[in-house]
Amino acid sequence: MPSDALPTRRPRSEHWVAPLDETPLQAVDAADTTSTPRSLWAEAGHSLVRNPVFVISALLILFVLFVAAFPQVFTSQDPRYGNLSIANQPPGSEHPFGTSRQGYDIMARTFWGARTSVIIGFFAMLGSTLIGGMIGALAGYVGGWFDEVLSRITDVFFAVPLVLGAIVVATRLGEMSLWTVIAVLSVFGWTNVARIMRGAVISTKSQDYVTSSIALGASSPSVLLRHVIPNAIAPVIVTATVNLGVFIVAEATLSFLGVGLPANAVSWGGDISAARDALRTQPSMLFYPSVALAVTVLSFIMLGDAVRDALDPKARKR
Amino acid sequence: MPLTLAACGGGDDGGGAGNGGDGGGTGEPIFANTTEPENPLIPTNTGEVGGGRIIVMLFAGLVYYTADGTAENDLAESIESEDNQNWTIKIREGLTYSDGSTPITAQDFVNAWSFGANAANAQLGQYFFEPFEGYDELSAEGVAADATLSGLEVVDDTTFTARLVSAQSDFPTRLGYSAYMPLPPTAFDDIDAYGEAPLANGPYKLESWTHDQSLVLVPNESYDGPRAPQNAGITFTVYQDPETMYLDLQSDNVDVVDQLPGSALATFEDDLGDRAVNAPGAVFQSITLPGYDPNFEGEAGPLRRQALSRAIDRQSICDNLFFGTRTPATDFVSPVIPGGGATDLPGAEVLEFDEAEAKKLWEEAEAIKPFEGPLTLAYNADGPHSDWVEAVCNSLTNVLGIEAKPTPFPAFGEMREQIRKRELMGTWRSGWQADYPSAYNFLGPLYGSAAADGKGSNDGDYKNPEFDQLLADGLAAESEDEAIALWQEAEALLIRDLPVLPLWYQNTIGGFSTLVSDVEYGWDTVPLYHQITK
Amino acid sequence: MIWYIGRRLLQMIPVFLGATLIVYLMAFYTSGDPILALAGDKPISPAVEQQLREQYNLDQHVLVQWLLYLKSVLTFDLGVGFNGRPIWDQIAAAFPTTMRLAIIAVVVESIFGIIAGVISGLRKGKLIDTTLLMLSLLLIATPTFVLGFLAQFVFGLQLGISPINVGRDPSWVNLLLPGFVLGGVSFAYVLRLTRTSIAETATADHVRTATAKGLTRGGVVSRHILRNSLIPVVTFIGADLGALMGGAIVTERVFNIPGIGTLLFSSITSGEAPMIVSLVTLLVIIFLLSNLVVDLLYGLLDPRIRYAK
């Protein structure tokens, strides 16, 4: 409603509206106008804790993080101990989820695998967000030919196949390890963050308050840091959370294509890919790591959704 | 039977498999699996199994192999020698290529072999001509493109002679390999175009080749030899993935396959019943322990090699990971080869799993010189190796208490390059698929000194003059039995020195549909397609 | 408008040069020695090796190789691949299949994604919305190859309604199942995008006005909500066509489809630089072109947008 429609401001309204202190309308004015208004973030935080999706996904993520940090709490078995004489066992008291083709305890692999997957997801997310955020912010802020060049570079990276990148990085770094996989995913997964950052920076840059702060003599880097980035970061955070889940899945795909972690690494992706051969005989080998992976990825994506809804005032109004 | 004609893929010329029509063969065409040939179908340039199986059906050489690996005459009337070094080869008269008019002559063999041996033509099968006199001149740099093998001489239209650099008693056996096929004179006008649609002389001729999809073969009515087709043609479907192939087999969409997906190994014998095939084959797998790695040298070296060998539970890996589709090695030569699969070689117990003995040997080695770990086992991740590499490493870790690390190379080329430069330390997976059914082929090219130092496939640089001598004696032997006895003596030396750790022989595995019968697999794990009836 | 298109097309030249150089360098510094990979476990004599190297220009400096490659592109003769077949023929044979696959995937993701997204967006917070949302999240969280196996197993083997091996006959019908699998993840994104966009537009003032005016529900949805909320969706779908063609590696592998992805994967593992570069460049160009088309469509959907000269 337009603010000038408020009856109290109309000069003739006194004739027919009861005095303020006699109406419950005073509650409207009870808002504490002296306190500082809540920022976008505080507002978002407030709506988040009331959102069941957020609460559930946050709890799930906390659980996954806990598992990743202390897998030994949940299982006493060594996930790397493979003994063929106990291979392919169905679930039983000794091995609650059964054993794999290599004779690993599937339960131990599932819990310890959380560590690898979370580390890969988190650091790849961090890496790609840093690379993409910086490139996108620079492209959007500086603009002109610089933007053109960076955007074209983004196009190239967008199109280079992940497998090729994975092989190159693995070859250059000598062997495939946790950090090579993270490097590959970061180097080839930053393009969507860069696009979003660039778009957000460009739209924020043209806002009046940014123009005025430049007019007031603020230097470019400080404008970028103080005004543009904080406002552009919300969509980036959302994309990054979703990316985190996508990276965990991508690690599995790399294993499937034979350019993932070495065979003895404990990871969900590797286990899922290895379970392919047992699809007919022992589906539980595929089941547990898949469920663990799906739940983890799901909770990160749900978290991203909830944060997005909270940060977007339009989506919040129901 | 509902037969899907979809198999002709792109259907560019409408020439379906069903209408071979021009004589030869009976019944219906069969469907088989293959991988896309890596090269045009030129015999001397085809070393891999995808193209090899098609070359064997399209071409007929001097000899062919029966299911048990015996070489019998195909085009040859006789292959004779007094001294195993100078050979006289006669081919049957009146033979023609599949056009029915071009005659097959002795000159065609000389031309084809010279072409293959001449380095200017860069044929991958060039090394097969190493035993011939004149090979060295043809492999020199800057050789003229039309230079011929000086060891070959045409006597008349159907006779030629071959002079070898040394005695080779298994020479006739080799001649069934695809590199030794004849080529018609027109082939050399444009060899790559020829390879796309070869005019050949085998039991079948190539009707169409839709790249990456299928190759359609129909009987060649001009073929007059022991391998007459018993079916109306073969359609080879290109599969990227054995998983798909197996599902096709179960639904009778493919008639005969010689490969199975890992997921079906446990169940295929139950799934297929007596249509399942599982018998020892001629592929040998091993782990190379290079002689130049300090860990495997000196006094501690042999002890350490033995300890590693005894710490690998071959039987258990064959049973649990391969579900009995591989046979634990007891020697260095495949059991399907005459003289292979010996179980009574002196010292062969070193290939048996024995935890206590492994630990003891390892500790003895440690006392002499401590191991500088971790132990790495390199493999190429683009092949199906990660499973067993992981299991072997687990076995070594559990028994010896050392850190054994699978080390994947994303692409085969990278691994080969490091091996070639002798930069790859630690151990790596190695394998050998025999080119022809002779025990020598499993020994000479892999452990002979002549093949060491980057000149052949002796990647671990094993050098033992005694071993070399026994091999040479075997090649000069009067009879096969005598040769085999000498080569087994040579094998005993390998068992003592363990230049590689023999692991297992890959079985011939596969299966066939309910629509076909008379299915038999050759010594080289490839089905004898021409015999199959449908 | 023409100026705009011309400018965009000109921009592709540096991208082309950059992409080929980067990919050439990557291909060169990877997968070891392609000639040794060709020989495999078997021996190869130095003379043959040398001959092969010269044949494929592998004896040249990497930058020279790149220049030679550019020359081969400009003369429309990409040369012969390691398997003896002209590279151009191989790409031309594989391209239509992958294109078909990608088109099916795009159609699937558009139709199903938008319908599900609209339903979800209009019923935000209801059971059907939650169900569709969970389904889309599950699709994102499942690796494509797992999805592919399951589809193959259920529809191919158990129900027998789709061929398991598409490689034999990659026709439109046979590519349907792989197309669904390939489009699965994008379907989830389209659904989520449409849902958000619809939910946003559904509460916009002009929609309320339309409803207040007494328009039917269907009229409001089709005329006022859909058109306004589809802009971001169209952007995504357009850009996705290019991404899908490159992303088909896994799907093509699972379903045994002889397309661009299969070709790309095998050339990457064998280190065949000219083939890798040609394919990647092709993918970049498709990607750029589809982006251009999207930007032009944008102007049709949203008259407020005008193109700079």
Side-chain angles (χ1 to χ4, degrees), chain A residues 53 148-149 151-172 195 242 245-246 248-259 268-269 272-273 275-276 279-280 286 290-291 293-302 305 308-309 312 314-315 317-318, chain C residues 11-12 14-16 18-19 22-23 25-27 29-32 124-125 130 133-134 136-138 140-146 149-150 153 185 189 192 196 199-200 203-204 239 242-243 246-247 249-250 253-254 261 264-265 267-269 271 276 279-288 291:
Chain A
V53 174
E148 288 288 331
V149 171
S151 296
R152 296 294 83 78
I153 291 179
T154 312
D155 287 345
V156 172
F157 269 88
F158 189 86
V160 169
L162 189 64
V163 191
L164 177 63
I167 294 185
V168 172
V169 175
T171 313
R172 286 302 99 197
R195 276 150 190 269
V242 177
V246 172
I248 296 180
V249 174
E251 184 259 324
T253 305
L254 286 180
S255 296
F256 170 71
L257 292 173
V259 287
W268 291 335
I272 291 176
S273 166
R276 186 191 180 188
L279 199 57
R280 288 163 216 271
L286 179 66
S290 296
V291 167
L293 185 137
V295 166
T296 308
V297 174
L298 251 163
S299 42
F300 277 106
I301 295 178
M302 275 166 30
D305 271 7
R308 201 251 334 272
D309 284 357
D312 183 354
K314 272 192 273 178
K317 107 184 133 185
R318 289 258 157 94
Chain C
Q11 277 177 0
M12 290 185 191
V15 176
F16 169 75
I22 290 181
V23 177
L25 287 172
M26 288 173 74
Y29 285 113
T30 183
S31 56
K124 200 169 176 188
T130 318
L133 211 54
M134 286 302 286
S136 73
L137 291 178
L138 257 180
I140 296 179
T142 313
T144 309
F145 65 93
V146 174
F149 296 152
L150 290 178
F153 195 71
V185 175
Y189 283 118
R192 288 156 48 81
T196 317
E200 226 168 71
T203 52
I249 290 188
V250 175
R253 215 170 143 78
V254 171
L264 186 58
F265 188 73
S267 57
I268 287 174
T269 46
I276 304 175
L279 289 172
V280 173
T281 313
L282 185 71
L283 292 177
V284 175
I285 289 175
I286 291 174
F287 171 73
L288 294 176
N291 269 357

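Here is the naming used below: chain letters follow the sequence lines, and residue numbers restart at 1 for every chain.
Contact count versus chain C (heavy atoms, under 4.5 Å) is highest, among A:A294, A:G269, A:S151, for A:A294. Of the listed residues (C:R253, C:R192, C:M134), the greatest number of heavy-atom pairs within a distance under 4.5 Å of chain A belongs to C:R192. Contact tally against chain C (heavy-atom pairs below 4.5 Å) for A:V242, A:V297, A:I301, A:V295: the top residue is A:I301.
Using a 4.5 Å cut-off on side-chain heavy atoms (C-beta onward), A:V249 and C:T144 make no contact. Put simply, the side chain of C:P143 does not reach to within 4.5 Å of the side chain of C:V250, judged on heavy atoms.
A:V53 does not touch chain C: none of its heavy atoms, backbone or side chain, sits under 4.5 Å away. In this structure, the portion of A:V246 lying under 4.5 Å from any heavy atom of chain C is its side chain and not its backbone.
Rounded to the nearest 0.5 angstrom, A:I248 CD1 and A:T296 OG1 are separated by 6.0 Å. Remark: C:T142 OG1 to A:I272 CD1 distance equals 9.0 Å, nearest 0.5 Å. In this structure, the separation between CG on C:L150 and CZ on C:F145 is 10.5 Å, given to the nearest 0.5 Å.
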